[in-house]
Amino acid sequence: MYHLASLLALSAVVAATNLGQRPLVDHQTSALKKNLVSSEALEALILEENLLKRAEDLYKIAELGIEEYNHPTRVVGSPGHYGTVDYIYKTIADLDDYYTLSNQTFNAVVGTVFEARLVIGDREPLSANPFALTPPTYKKEPVFGDLVLVKNWGCEASDYPKGVKGAIALIVRGTCSFGDKSALAGKAGAVAAVIYNDQPFFPLSGTLGSPSPDHVATFGISNEDAMPYIMKLKDGKEVDASAYIDSIVTDSPATNVIAQTKGGDQDNCVMVGAHSDSVSAGPGINDDGSGTISLLEVATHLTNFNVNNCVRFAWWAGEEEGLLGSDYYVSQLSPDENIKIRIFMDYDMMASPNFAYQIYDANNKVNPVGSEELRELYKAWYTKNGLNYTMIPFDGRSDYDAFIKNGIPGGGIATGAEGVKTPEEETMFGGEAGVWYDPCYHQLCDDVSNLAMDAFIVNTKAHSIATYAWSLNGFPKRVASKSEEATPQNSLPDAYRAEYHGPHLII
Ligand SMILES: *[C@@H]1O[C@H](CO)[C@@H](O)[C@H](O)[C@H]1NC(C)=O
Ligand SMILES: *[C@@H]1O[C@H](CO)[C@@H](O)[C@H](O)[C@H]1NC(C)=O
Ligand SMILES: [Zn+2]
């Protein structure tokens, strides 16, 4: 039977979010003797000790990467990632036939930087950071040359003076992608490239994107680190430099794991996803071990209930290499399969130590219709639980991107990555203003101690999943499976037609 108190609470939220009427009788409930899922009954099963245990499991799995990478990692192509996929698969396979479980393997371009060093003049710029997917320097040995300032934005071949040949090109960030700049430097004969930030205060890191034979070993540095050299070069002085990167860029098979409830309307699915991979720099326990674990816990406890609508869980591979797994998945959906996905919810970084409760600011004007209803559902839940929240840009930095570009409404929650907490957010969430939400973002220290367990529990309480699994009455119907009709992409205003795609900057 239904738990009366939880039903009342749930009805209030449902009314507030226009979900419409709940069905009064559910035939599955009596047939299979499990209760129909309710938000509060599911929430009550989410326990800190289980989340922590799984975080420890994932850390142990990340340690499988030590032999090759000298530190724990779950990056795609590493034993730590294969181990993670096995772990997810086994966890779901053990759940008594509740789910249809499948794998989807695709080819991922994976880059690993083993060692890197940049020296300019007589010092190493502190902010120097090799770009993701950078090729190594020639023969994986240090290269030497003059530092040569490239004109304008370095987006045209004519911006590269003759002196770039055999030299190290210094290029400002902006206008075209890091990958374009690196390739143009390579074509001009540079032995390495250094791109400096056009904005003050922050180091520059990102990815060169799709590999090109013209790419050269490329570093990012801060504006402050670049300025003294630029002054010297503009004064006609010479600055010598050396660069060294030992890296590989390879193709590697990567596997998404998908689990769908056997129960529930198979033509109307509620889909949720988290990414199973980490960056190569560390074990990725918050990013996105936390989302991976949240979904495993919810999938485990959901088996205690019946659902009216099917729930489909996805653990994506290759998110950190540019949203590869989710892109591939959506690209493989036929129009008929696409339209069965009523909503996609993204769970990437649930437990940042200096967290804010963040909700993606999706809306029905620029995103597929239904995205706004989901956003409002999250807001109502935090409000009902006496918690503050903030809205963050829904700008394509995680796995929801391919979904909303292909007509599927989406949204999600997060707790913050490399952004800086504001003083106002300190009063709203505690923690420390002026510091990153996750000071260990994409670093070795993203380990089990890098989790805010209070935020982890709150964000694993799968209210949105339970709500939509229970009823999609009143939730906007899907109108088009592909971009022909509700073309989200074409109707985006310029500000939303974000150039970059994925968790790394590309421009
Ligand atoms: C799916 O992947 C898991 C984990 O790597 C593996 O154990 C399992 O055999 C695979 N299943 C299929 C059907 O390929
Ligand atoms: C929410 O934010 C306000 C400040 O805007 C603060 O006074 C309050 O304590 C916060 N609530 C919680 C639960 O942290
Ligand atoms: Zn992530």
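Every number for a ligand or one of its atoms is a count from 1 in the order of the listing.
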Could an N or O of ligand 2 be found under 3.5 Å from any N or O of F429, whether backbone or side chain? no
Residues which pass salt bridge (charged side-chain N to carboxylate O under 4.0 Å, His left out) with K340, listed by chain and number, not counting sequence neighbours: D267, E337
Residue D348, metal the Zn ion (ligand 3), N/O/S under 2.8 Å: yes
Do Y87 and D57 pass the side chain to side chain contact (heavy atoms under 4.5 Å, CB included) test, and can you show the C-alpha distance, the side-chain angles, and the key distance before you say yes or no? CA-CA 9 Å; Y87 178 79; D57 292 346; 2.7 Å; yes
Among side-chain atoms of S39 and H463, is any donor-acceptor pair under 3.5 angstrom? yes
What is the name of the N/O/S atom in D287 that sits closest to the Zn ion (ligand 3)? OD1
I'd like the atom pairs linking ligand 1 to the protein - N or O on both sides, separation under 3.5 Å - with distances to 0.1 Å.
unit_1, atom_1, unit_2, atom_2, d
ligand 1, 2 (O), N103, ND2, 2.3
ligand 1, 5 (O), D86, OD1, 2.6
ligand 1, 11 (N), Y89, OH, 3.3
ligand 1, 11 (N), N103, ND2, 2.9
ligand 1, 14 (O), N103, ND2, 3.2

Can you sort out the partners of C440 under side chain to side chain contact (heavy atoms under 4.5 Å, CB included), two or more places apart, ordered by chain and number? D438, C445, D446, N450
Is a donor from one side chain sitting under 3.5 angstrom from an acceptor on the other, for W381 and E43? yes
So is L387 close enough to ligand 2, meaning a heavy atom under 4.0 angstrom away? no
Under the salt bridge (charged side-chain N to carboxylate O under 4.0 Å, His left out) rule, collect the residues that match up with D97, sequence neighbours excluded. K262
Considering just N/O/S atoms, say which atom of H275 is closest to the Zn ion (ligand 3). NE2
Whether K379 and E376 form a salt bridge (side-chain N of Lys/Arg under 4.0 Å from carboxylate O of Asp/Glu) is what I want to check. yes
Is the centre of the Y328 ring less than 6.0 Å from the centre of the F106 ring? yes
Report the residue from D361, N363, N367, L377 that forms a side-chain contact (heavy atoms from CB on, under 4.5 Å) with E372. N363
Using a strict cut-off of 4.0 Å, indicate which atoms of ligand 2 neighbour a heavy atom of G386. 13 (C)
